[in-house]
Amino acid sequence: MEHTGHIRIDRKVIPYHLKDKTVHLIPNNTYACLIPGDVREKEVIKGVTTGNREVAFVGCRYNDISLGYKALVISDCNTGLYSGITKFDRICFEGKPVNVFAGPGRAFISESGFDISERMKSITPKKWEDINISSQVIINSDRINIGVNFSFWHNLKYAETSMGDAIPKFTLEFQRTVNIKRLPHVYLMVYDFFCFLNFCRNIYFNKITLQQKENDKFRTIATVYVNSENDDDYDRNEHNSIISQDCKFYLPELFKTVALRRNQKIYDNFYIPKNSKEASIVSYEKFLACALSLESEYNRLYPTKRKDNNLYADVYKVFEKSADELETLFTAIKENKLTPEEFKEIYFGKVNNEYNSLKKSISKTKIRKMDGYFEKIKDALTKIDYSLAEKYKNALVNNWEYIQPVVDKMSRANKVEFPSASEAGKEFADFRNGIAHGNPQEIEPLHVVLYEVARALIYTMVLKKANADDDSIKTVINKLF
């Protein structure tokens with residue numbers, strides 16, 4: 001893409017030249033290029049192309065000679081014909097990932113039971129309500145209609161080998177008009193969603209358009225160009241991706257669960273490979289990222305006993321009251337001023353006193369339960385990898401009906417015997433801890449199996465959080481892993 005025009009910055013009209021996503025500003029001062037100036041930021045910078053189209057750069061960082069941006073918006077009409085491109089009601093995404101998800105071929109009915117000697121096979125487009133998808137979801141304060149809308153194009157030219165196309169669009173329709181300054185945020189919601197659907201991060205949309213609503217009809221007002229890489233190695237299909245038929249009953253919840261991550265400051269999606277080639281490779285960095293994702297996903301799906309068990313919460317508070325002494329005690333251990341045994345005597349001595357005070361006003365029946373919690377927390381504090389090992393084990397046990405095919409498949413492929421759930425959790429945590437503390441073991445076939453099972457567990461827990469049914473989860477795990 002290459003074009004020129006003028007933009008307005010700080011009440012100054014500045015010519016620009018855009019080529020290959022790089023924007024060069026042409027200053028009035030001939031010598032300004034020698035001193036570029038400080039880098040400044042602005043949410044939206046608007047202007048006009050030499051072709052008389054309105055243009056807006058979103059998420060800008062610039063100095064006197066160049067401009068970086070997150071998204072570029074160019075109007076589909078000449079300036080002045082319609083209202084500006086500062087707001088939109090619906091955004092539409094087209095490209096290979098959407099084609100895989102929606103399936104252009106599923107928009108037609110193929111005739112069966114005909115005599116081929118009589119005439120050609122008949123293919124008929126389905127009804128709109130049978131192929132278009134629409135479901136509503138509320139994300140933060142936005143009420144959004146998530147949809148798949150098809151466009152059909154036909155021609156009867158003799159020289160053409162194709163008579164037409166069925167083009168699916170993944171759309172987000174907002175109940176309240178959205179300012180274009182939010183385009184990067186909206187794009188990342190859709191990007192993250194399709195990364196999850198395709199189990200890869202090399203997602204690229206061939207076309208993104210903005211629409212405004214007028215008298216219950218949508219009119220395309222502009223095209224969006226996101227400043228992102230296009231690796232052009234996307235190779236997913238309906239057999240190894242989550243498609244609309246797989247998640248049609250829980251699509252809104254799944255979109256919300258995945259799309260909200262960045263807004264919630266959750267950046268743990270690196271267990272998803274960049275592409276299909278990388279998906280089959282295990283490295284220390286990828287194992288560490290996968291362990292992080294497994295832990296955080298487990299915490300989001302399964303509540304702790306502190307949240308749903310009052311007795312456990314009371315015992316936990318006893319330890320929490322004494323926790324302010326831990327940093328001092330740990331420092332003393334590092335400096336060899338305190339042995340681990342002396343630590344236990346000092347710390348747990350105070351904890352025991354606190355706990356005995358708590359038990360004075362509690363019945364004997366409750367005390368027996370609380371004693372169990374008390375010993376469990378004490379034991380947990382002496383095991384550095386207890387938490388991750390237990391989470392891996394519990395996730396495996398709770399989701400065995402979905403994960404067993406992955407375990408069997410990976411164990412056969414790597415010629416290893418999968419251990420018990422407890423041992424698997426310990427092996428996974430030990431290997432993670434070795435990497436985290438700068439002393440990693442050599443990657444063995446068992447670690448490869450544990451890694452792939454962990455990724456399948458993460459997907460299972462995300463799908464559960466999105467209220468997916470059992471059959472859908474089994475279908476998805478079988479396709480992706």
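No experiment lies behind these values; they were computed from the predicted model shown.
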For Arg176 and Ser141, indicate whether the former's side chain and the latter's backbone hold a donor-acceptor pair under 3.5 Å.
yes

Apply salt bridge (charged side-chain N to carboxylate O under 4.0 Å, His left out) to Glu214 and Lys217, showing your working.
CA-CA 5 Å; Glu214 296 178 355; Lys217 291 185 178 180; over 6 Å; no

Using distance alone, with no hydrogens and no angle criterion, decide if Asn78 and Arg53 have a side-chain donor and acceptor under 3.5 Å apart.
yes

Check the pair Leu294, Tyr392 against side-chain contact (heavy atoms from CB on, under 4.5 Å), reporting the backbone distance first and the verdict last.
CA-CA 8 Å; Leu294 179 75; Tyr392 192 98; 3.4 Å; yes

Are the side chains of Phe431 and Ile443 in touch, meaning some heavy atoms are under 4.5 Å apart?
yes

Distance alone, cut at 3.5 Å: any donor-acceptor contact between the side chains of Asn399 and Thr460?
no

Tell me whether the count of non-hydrogen atoms from other residues, nucleotides or ligands lying under 6.0 Å of NZ in Lys409 goes above 12.
no

Quick check: closest heavy atoms across Val148 and Ala102, and the distance to 0.1 Å?
CG1-CB, 3.6 Å

Within this structure, what is the CG-CE distance for the pair Asn299 and Met461, rounded to the nearest 0.5 Å?
9.0 Å

Side chain proximity check, Leu388 to Glu295, heavy atoms < 4.5 angstrom:
yes

Looking at Arg40, I want to see if its CZ is surrounded by more than 12 non-hydrogen atoms of other residues, nucleotides or ligands under 6.0 Å.
yes

Sequence neighbours excluded - side chain to side chain donor-acceptor pair (under 3.5 Å) pairs with any residue from residues 471-481
Asp246-Lys479, Asp469-Ser472

Does the ring centre of Phe205 sit less than 6.0 Å away from the ring centre of Phe194?
yes

Looking only at atom types and distance, does a side-chain atom of Lys465 sit under 3.5 Å from a main-chain N or O of Val258, one as donor and one as acceptor?
no

I'd like to know whether NZ of Lys286 has more than 12 heavy-atom contacts from other residues, nucleotides or ligands below 6.0 angstrom.
yes

Could you state the interatomic distance from OG1 (Thr4) to CD1 (Ile26), rounded to the nearest 0.5 Å?
8.0 Å

Are the side chain of Asn275 and the backbone N or O of Tyr234 linked by a donor-acceptor pair below 3.5 Å?
no

Value for CD1 (Ile477) from CG (Leu457), rounded to nearest 0.5 Å, stands at 8.0 Å

For a side-chain hydrogen bond (donor to acceptor under 3.5 Å, both in side chains) with Gln136, tell me which candidate from Glu173, Arg143, Gln175 qualifies.
Arg143

Ignoring hydrogens and geometry beyond distance, is a side-chain donor-acceptor pair present between Ser276 and Asp235 at under 3.5 Å?
yes

Take Glu297 and Arg261 through the test salt bridge (charged side-chain N to carboxylate O under 4.0 Å, His left out) and record every step on the way to the result.
CA-CA 11 Å; Glu297 204 56 57; Arg261 297 300 173 90; 3.1 Å; yes

Using a 3.5 Å distance criterion without hydrogens, assess whether the side chain of Ser75 forms a donor-acceptor pair with backbone atoms of Cys77.
yes

With a 3.5 Å distance limit and no angle check, can you tell me whether His437 reaches the backbone of Asn433 through a side-chain donor-acceptor pair?
yes

Between Arg455 and Tyr459, a side-chain donor and acceptor under 3.5 Å
no

Going by side chain to side chain contact (heavy atoms under 4.5 Å, CB included), name the residues that satisfy it together with Glu285, two or more places apart in sequence or in a different chain.
Ser283

Verify, without hydrogens or angle tests, whether Asp165 (side chain) and Ile167 (backbone) share a donor-acceptor contact under 3.5 angstrom.
no

Let me confirm one number: the OG1-CG distance from Thr171 to Asp89, rounded to the nearest 0.5 Å.
12.5 Å

Determine whether a donor-acceptor pair (N or O, by modelled atom type, separation under 3.5 Å) exists between the side chain of Glu427 and the backbone of His447.
no

Side-chain donor-acceptor contacts of residues 178-193 below 3.5 Å, not counting sequence neighbours, with atom names and distances?
from, atom 1, to, atom 2, distance (Å)
Asn179, OD1, Lys181, N, 3.0
Lys181, NZ, Glu43, OE1, 3.3
Arg182, NH1, Asp142, OD2, 3.4
Arg182, NH2, Asp142, OD2, 2.5
Tyr191, OH, Arg201, O, 2.7
Asp192, OD1, Arg262, NE, 3.3
Asp192, OD1, Arg262, NH2, 3.1
Asp192, OD2, Arg262, NE, 2.6

Is the shortest heavy-atom distance from the side chain of Leu18 to the side chain of Phe57 under 4.5 Å?
yes

Parallel, tilted or perpendicular, judged at 30° and 60°: which one describes the rings of Phe88 and Phe174?
perpendicular

Ignoring hydrogens and geometry, is there a side-chain-to-backbone donor-acceptor pair from Ser296 to Ser293 under 3.5 Å?
yes

